[in-house]
Amino acid sequence: MARSTAPVLTRRHLGRALLARQDLLARTDRTVPEEVAHLVGLQAQEPLDPYTALWSRLTRFDPHDLGTGLEDRTLARLVTWRGTVHLHTADDALVVRALVQGVMERRVSPGNMFGRAVAGLDLDAVLADVWAWIGEEPRRGGEVKARLADVGSPDLDRLVDVVKYLLPTVQVPPRGVWGRTGQARWAPLDAWLDRPLAEPSAEAEDAVILRYLAAYGPASAADIASWSGWTGVQAKLDRLAAAHGDRLLSFRHEDTGRALVDLVDGLRPDPDVPAPVRFLPEFDDVVLAHADRSRVVPPDLGSNHVLGLDPRPRVVLVDGVVGGLWRITVEGERARLVLRPLTRWTRAQVAEAEAEGAALLALHAPDATPTIEVTPP
């Protein structure tokens with residue numbers, strides 16, 4: 001078989017392209033809604049993680065802008081990509097949730113714990129009852145569990161999960177609002193936003209894939225599948241090429257030989273452009289949005305090793321790749337940032353991490369006395 005003549009991209013090429021498109025090489029002047037839309041959503045399983053993610057990307061980030069967006073319903077937190085909670089603009093929430101319904105349905109399989117939780121039930125009737133009931137007012141997970149107590153499921157906790165997967169719901173404020181606390185409460189997405197869900201279509205999928213490439217590319221079919229949870233992605237890319245081939249370029253990964261697709265006008269900076277130290281929250285899509293994470297997680301470090309050190313790692317990017325972990329604790333009037341290098345940092349990198357970390361401490365604990373500790377690698 002003839003070897004592909006597509007131009008080759010190294011891990012470092014791919015890493016710098018990713019950082020540029022994620023606004024992690026240089027912060028952007030976009031507003032909060034503009035950046036959330038550009039990224040096609042932000043991981044939000046931990047309610048305050050989008051605040052750190054946006055702080056690392058925006059030149060002028062006011063956390064209250066995000067909280068206000070949740071309260072005025074221009075932003076929404078809901079289960080979308082990979083069946084996990086993401087922060088979206090209201091417009092994207094209605095489109096993306098429709099496009100991932102198949103992802104949600106595949107999570108409920110006869111051979112897994114979710115399938116076993118619904119075995120023998122009239123699931124359509126269960127879903128219809130809960131849908132009408134949460135339409136009256138937002139409900140907590142515990143309330144949903146109590147509502148389902150008599151339906152005959154052997155695993156009520158998993159049944160509640162099934163309901164959250166299969167019904168297009170949204171987590172309502174004050175959950176996720178800066179400076180406030182609240183249990184997760186769920187409401188129908190269309191009623192909360194006062195607009196119907198979009199109809200899923202090939203055109204909508206094409207538009208989202210193009211946006212994914214703008215924010216995460218160059219990428220393979222496996223990368224897009226890893227980010228979205230979709231199956232049959234290669235067929236989607238073939239369809240995209242037929243409809244928008246003039247907007248696409250082909251590349252090849254130097255190490256794996258895997259075919260990569262990208263936008264003609266996608267940012268692909270010089271691989272040697274300096275990359276500043278940046279702090280990412282748990283589960284940031286920079287780390288999760290590709291099947292091949294070597295562009296941002298050094299192969300000699302590896303995702304599994306990082307997860308072994310901390311199952312919910314908050315990572316520090318050093319020279320454009322995962323180079324350490326960070327954690328903030330606040331006790332009384334003191335706030336402490338611990339930096340844990342996973343590689344050997346230069347003195348300049350330590351100083352830059354401490355300066356960036358001090359600014360992050362000021363975001364999370366503005367009234368506390370800050371301290372920073374750098375542990376030995």
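More than 12 heavy-atom neighbours from other residues, nucleotides or ligands sit within 6.0 angstrom of CD on Glu136. Counting non-hydrogen atoms of other residues, nucleotides and ligands closer than 6.0 Å to CZ of Arg334 gives a total of 12 or fewer. Around CG of Asp72, the count of heavy atoms belonging to other residues, nucleotides or ligands within 6.0 Å exceeds 12. When the shell of 6.0 Å around CZ of Arg116 is examined, it contains more than 12 heavy atoms from other residues, nucleotides or ligands.
To the nearest 0.5 Å, the span separating CG on Leu66 from CH2 on Trp178 amounts to 9.5 Å.
Contact record, Val170 with Arg77: CG2-O, 3.3 Å, taken as the closest heavy-atom pair. Considering every non-hydrogen atom in both Ala215 and His38, the closest pair reads CB-O, 3.5 Å. Closest non-hydrogen pair, Leu121 versus Ala117, comes out as CD1-O, 3.7 Å. Pairing each heavy atom of Arg185 with each of Pro174, the nearest pair is NH2-CD, 4.0 Å. When all heavy atoms of Pro218 and Arg295 are compared, the closest pair comes out as O-NH1, 2.8 Å. When all heavy atoms of Ala93 and Leu193 are compared, the pair lying nearest together is CB-CD1, 4.2 Å.
Residues passing the side-chain contact (heavy atoms from CB on, under 4.5 Å) test with Pro7 are Phe251, sequence neighbours excluded. For Arg12, the salt bridge (Lys or Arg N to Asp or Glu O under 4.0 Å) partners two or more places apart in sequence, or in a different chain, are Asp272, Asp319. The side-chain contact (heavy atoms from CB on, under 4.5 Å) search around His244 returns Asp206, Leu210, Leu240, Arg247, not counting sequence neighbours. With sequence neighbours excluded, the residues forming a salt bridge (Lys or Arg N to Asp or Glu O under 4.0 Å) with Arg327 are Asp310, listed by chain and number. Under the rule for a salt bridge (Lys or Arg N to Asp or Glu O under 4.0 Å), Asp49 has no partner lying at least two apart in sequence or in another chain. Among residues two or more places apart in sequence or in another chain, the salt bridge (Lys or Arg N to Asp or Glu O under 4.0 Å) test is passed with Arg175 by none.
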Practice task
In sequence, state the C-alpha distance, the side-chain angles, and the governing distance for Thr28 and Thr59, and then conclude on side-chain contact (heavy atoms from CB on, under 4.5 Å).
Solution key: CA-CA 6 Å; Thr28 178; Thr59 54; 5.9 Å; no

Problem - CA sep, side-chain torsions, deciding dist, call: Ser294, Asp292, side chain to side chain donor-acceptor pair (under 3.5 Å) - result: CA-CA 6 Å; Ser294 64; Asp292 174 15; 2.7 Å; yes

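Note: the hydrophobic cluster containing Leu87 does not contain Val172 (ILVMFWY, side chain heavy atoms under 4.5 Å, direct or indirect links). Met104 and Leu197 fall into different hydrophobic clusters, where Ile, Leu, Val, Met, Phe, Trp and Tyr residues are linked whenever their side-chain heavy atoms come under 4.5 Å apart, directly or through other members. By the rule that hydrophobic residues join a cluster once side-chain heavy atoms approach within less than 4.5 Å of another member, Trp192 and Val36 end up as members of separate clusters. When the side chains of ILVMFWY residues are joined at heavy-atom separations under 4.5 Å, either directly or via intervening members, Phe279 and Val321 end up in two distinct hydrophobic clusters.
Side-chain contact of Asp270 with His13: a donor-acceptor pair under 3.5 Å is absent, judged by distance alone. Of the N and O atoms on the side chains of Thr84 and Gln43, at least one donor lies less than 3.5 Å from an acceptor on the other residue. For the residue pair His253 and Ser220, no side-chain donor N or O sits within less than 3.5 Å of a side-chain acceptor on the partner. Using modelled atom types, one finds no donor on one side chain facing an acceptor on the other under 3.5 Å when comparing Ser153 with Asp155.
At least one side-chain heavy atom of Tyr216 sits under 4.5 Å from a side-chain heavy atom of Gln22.
Cation-pi contact between Arg139 and Trp186: absent, since separation from the ring centre below 6.0 Å together with deviation from the ring axis within 45° is not met.
Each of Val79, Thr169, Leu94 was checked for a side-chain contact (heavy atoms from CB on, under 4.5 Å) with Leu189, and the lone residue meeting it is Leu94.
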